[in-house]
> 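Handing you this structure, nothing more for now.
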Protein chains: 2
Amino acid sequence: MDEKTRPGPKRSLTAEQIVDVALELFDGEAPSIRGVAAKLGVRPNTLYTYLPDRGAMERALVDRFLAMADPDLLVGRRVWRRRVEDYACALRSVLLGHPGAAALLHTAPIDGPTAALVGERLLAVFTSAGLSTADAARSTYAVIVHVLGSATLTAADLRGGTEADIVAARLEMVIDPGFLPLTAAAWPVVATWNTEEQFRWSLRTLLNGCVDAR
Amino acid sequence: MDEKTRPGPKRSLTAEQIVDVALELFDGEAPSIRGVAAKLGVRPNTLYTYLPDRGAMERALVDRFLAMADPDLLVGRRVWRRRVEDYACALRSVLLGHPGAAALLHTAPIDGPTAALVGERLLAVFTSAGLSTADAARSTYAVIVHVLGSATLTAADLRGGTEADIVAARLEMVIDPGFLPLTAAAWPVVATWNTEEQFRWSLRTLLNGCVDAR
DNA sequence: CCGATCTCTGTACGGTGTGCAATGTTGTCC
DNA sequence: GGACAACATTGCACACCGTACAGAGATCGG
């Protein structure tokens, strides 16, 4: 609230600027401290005035990624399942749009302000759907797990190309029906494991289970 | 099959030995090439005779971790839900027992032999439960996502202590009911998000949804 | 103006993965 | 048995990385 005036030279940067260029330089994984500093025209050590260590930069990036999926998708007049699904798909898109972002989410506890807001709104959705407080909380966690887990797995798989490429490549593989008969039979579906369609199916299935809990 | 005899000196190591000590040295993350080499009494470059790069070592580690949860838990005469649950909990335990292992699973596609076997058996479980081939495949993926996603999230959270510690710490936090009323109300449950109990609840909920698909 | 306080820099340390040329061992073939 | 090719291993080197530490200079309150 109060801009405390302090002795010493003015700061030439802000923490936000640092995260900005970190995001700009993000490419599969968080950029190096030295890289960010170079882009800012500053010696690497300078960043330690604003961040305790590299991990802090990564944590800040995590919250930035989270904030890229509009949490407002969780509110509105649409039916509750739709709201969850829309938000989940939006977050998935963000994470897949920045390969490595999903993996970064698993680096440290997710406790930023955006995460808190999303949690609150998911609780609201499930409460409005008729679940008890406890079941709403458990369902919230289950949904988070599904979205992040799925996004991370498919991000790892998608490193080799687009969704369509991966499906096509999978389809061309031949599974020995002697060793893995069921896998071979199910292969056309297995090949689509990393598609948005499968993502939506799993999510709907999970939500079905959640409302069963009522 | 045939031990092709080649010119050149005998190899002093095997790829398996390397993975052995990599596993032994594993501590939160995959050990460095140099560390493994030192433990083997060999110069770092030597390892490149057996592995193309560091990533290969990590991929080998992934399959080792996967193999630590007995896939036989997925077969037997017990009711199918019990088999899935037992295996899932076993895998979760393995991953939580080696912090960082879960995150490693998200580094690259999971396509080792153990993964294939687990997939096949999950398909068998769901087929025996009456699901169509397609639904069994989709359910298999949903379960994998849940187990890996959940284990990874709680592994990240558990870095600060045991399960009980984390729950206790969470419970002591005070959530402002003005900003996050539902979160505040649900906090006693939210605090247990990383427990095995929540894991089982989510899994059972997901399985409920899967059988709804019949 | 003085001293406290702060930012930023120079330098340095110990670490990482891995490419390349040299060394020496081992097998196959004449 | 000797020549030769293939190979494992090494020493050295490069280009990075995160970050600790001491000092120089700027900026404030008094």
Side-chain angles (χ1 to χ4, degrees), chain A residues 1-62 99-100 103-104 107-108 156 159, chain B residues 1-62 100 103-104 106-108 156 159:
Chain A
M1 190 58 87
D2 52 343
E3 284 276 339
K4 239 214 304 260
T5 134
R6 295 170 302 95
K10 303 290 182 187
R11 296 189 154 194
S12 62
L13 268 33
T14 63
E16 208 177 321
Q17 267 178 50
I18 296 178
V19 186
D20 282 343
V21 339
L23 188 57
E24 199 175 331
L25 261 39
F26 192 94
D27 178 39
E29 56 192 47
S32 68
I33 290 282
R34 297 174 108 105
V36 174
K39 181 102 174 185
L40 285 166
V42 119
R43 242 39 65 196
N45 317 346
T46 302
L47 302 197
Y48 287 86
T49 305
Y50 304 88
L51 307 169
D53 56 16
R54 179 171 209 262
M57 186 177 79
E58 296 180 351
R59 263 172 275 127
L61 274 175
V62 163
L104 202 63
T107 279
R159 258 195 241 290
Chain B
M1 191 59 87
D2 52 341
E3 284 274 340
K4 241 215 307 258
T5 132
R6 294 172 302 93
K10 305 289 184 190
R11 298 189 155 195
S12 63
L13 302 170
T14 64
E16 209 176 320
Q17 267 179 53
I18 296 177
V19 186
D20 282 343
V21 339
L23 188 57
E24 198 175 331
L25 261 39
F26 191 94
D27 177 41
E29 57 192 48
S32 68
I33 290 282
R34 297 173 108 105
V36 174
K39 181 102 176 187
L40 285 164
V42 118
R43 242 39 65 197
N45 317 344
T46 302
L47 302 197
Y48 287 86
T49 305
Y50 304 87
L51 307 169
D53 55 17
R54 179 171 209 260
M57 186 179 78
E58 296 181 351
R59 264 173 273 127
L61 274 175
V62 163
L104 203 62
H106 296 298
T107 278
R159 257 194 241 293

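The figures here come from the full heavy-atom set of this structure, side chains too, leaving out hydrogens, waters and symmetry mates.
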> Could you check which of C:dT7, C:dT18, D:dT19 has an atom nearest any side-chain atom of B:Asp53?
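Nearest listed nucleotide: C:dT18.
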
> Please figure out whether B:Val42 or B:Pro7 has its closest DNA chain D nucleotide nearer the 5' end.
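The residue closer to the strand's 5' end, by nearest nucleotide, is B:Pro7.
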
> Report yes or no: does A:Asp20 contribute a side-chain atom to a donor-acceptor pair with the main-chain N or O of A:Leu23 at less than 3.5 Å?
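No; judged by distance alone, with no hydrogens or angles, the pair does not exist.
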
> Side-chain donor or acceptor of A:Arg43 under 3.5 Å from a matching atom on the base of C:dG10?
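No, the side chain and the base share no sub-3.5 Å donor-acceptor pair.
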
> Output yes when at least one side-chain N/O atom of A:Ser12 is less than 4.0 Å from OP1 or OP2 of C:dC8, else no.
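Checking A:Ser12 against C:dC8: at least one side-chain N or O falls below 4.0 Å of OP1 or OP2.
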
> Starting at atom CZ of A:Arg34, determine the distance to atom P of C:dG15, rounded to an integer number of angstrom.
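Taking CZ of A:Arg34 and P of C:dG15, I get 16 Å after rounding.
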
> A:Thr46 near the nucleic acid: base, sugar-phosphate alone, or nothing, with a heavy-atom cut-off under 4.0 Å?
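Base, at least one base heavy atom under 4.0 Å.
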
> The criterion is side chain to side chain donor-acceptor pair (under 3.5 Å); which residues satisfy it with A:Asp27, sequence neighbours excluded?
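Here no residue qualifies.
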
> Looking only at side-chain N and O atoms, does A:Arg6 come under 4.0 Å of OP1 or OP2 in D:dC28?
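False: A:Arg6 side-chain N/O out of range (4.0 Å or more) of D:dC28 OP1/OP2.
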
> Rounded to whole Å, how long is the line connecting atom CD1 of B:Ile33 with atom C1' of C:dT16?
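Interatomic distance, CD1 of B:Ile33 to C1' of C:dT16: 10 Å.
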
> Starting from C1' on C:dT18, measure out to CD on B:Glu58 and report it in whole angstrom.
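Nearest whole value for this atom pair: 15 Å.
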
> Around atom CD of B:Gln17, are there more than 12 heavy atoms from other residues, nucleotides or ligands closer than 6.0 Å?
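Yes - once you tally the heavy atoms of other residues, nucleotides and ligands closer than 6.0 Å, there are more than 12.
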
> Counting only side-chain nitrogens and oxygens, does A:Tyr50 get under 4.0 Å of the OP1 or OP2 atom of C:dC6?
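No, A:Tyr50 has no side-chain N/O under 4.0 Å of OP1/OP2 on C:dC6.
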
> Could you give the CD1-to-C1' distance, from A:Ile18 to C:dT7, as a whole number of Å?
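It is 12 Å, rounded to the nearest whole Å.
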
> How close or far is atom C1' of C:dT9 from atom CG of A:Asn45, stated in whole angstroms?
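In whole Å, C:dT9 C1' lies 7 Å from A:Asn45 CG.
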
> Measure the distance from CG on B:Leu47 to P on C:dT18 and round it to the nearest whole Å.
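Rounded to the whole Å, the gap is 11 Å.
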
> Without swapping roles, check the side chain of A:Arg159 against the backbone of A:Gly28 for a donor-acceptor pair under 3.5 Å.
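No; judged by distance alone, with no hydrogens or angles, the pair does not exist.
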
> Base, sugar-phosphate or nothing for A:Arg54? Non-hydrogen atoms, less than 4.0 Å.
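Sugar-phosphate: the residue A:Arg54, judged by heavy atoms under 4.0 Å, touches backbone atoms but no base.
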
> From the list C:dG17, D:dG18, C:dT7, which nucleotide is the closest neighbour of the side chain of A:Tyr48?
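Comparing C:dG17, D:dG18, C:dT7 against the side chain of A:Tyr48, the answer is D:dG18.
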
> When the distance from CE of A:Met57 to P of D:dG18 is rounded to whole Å, what number comes out?
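It works out to 7 Å between those atoms.
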
> Could you tell me how far apart B:Leu51 (CG) and D:dT9 (C1') are, to the nearest whole angstrom?
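Whole-Å distance recorded here is 15 Å.
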
> Can you check whether A:Lys10 has a side-chain N or O nearer than 4.0 Å to OP1 or OP2 of D:dC28?
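True: A:Lys10 side-chain N/O within range (under 4.0 Å) of D:dC28 OP1/OP2.
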
> Nearest nucleotide by nearest heavy atom, which residue falls closer to the 5' end of DNA chain C, B:Pro9 or B:Gly35?
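By nearest-heavy-atom nucleotide position, the 5'-most residue is B:Gly35.
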
> Any chance you could measure B:Met57, atom CE, to B:Ile33, atom CD1, to the nearest 0.5 Å?
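Separation between the atoms: 4.5 Å.
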
> OP1 or OP2 of C:dT16 sitting under 4.0 Å from any side-chain N/O of B:Ser32?
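Yes, because at least one side-chain N or O of B:Ser32 sits under 4.0 Å from OP1 or OP2 of C:dT16.
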
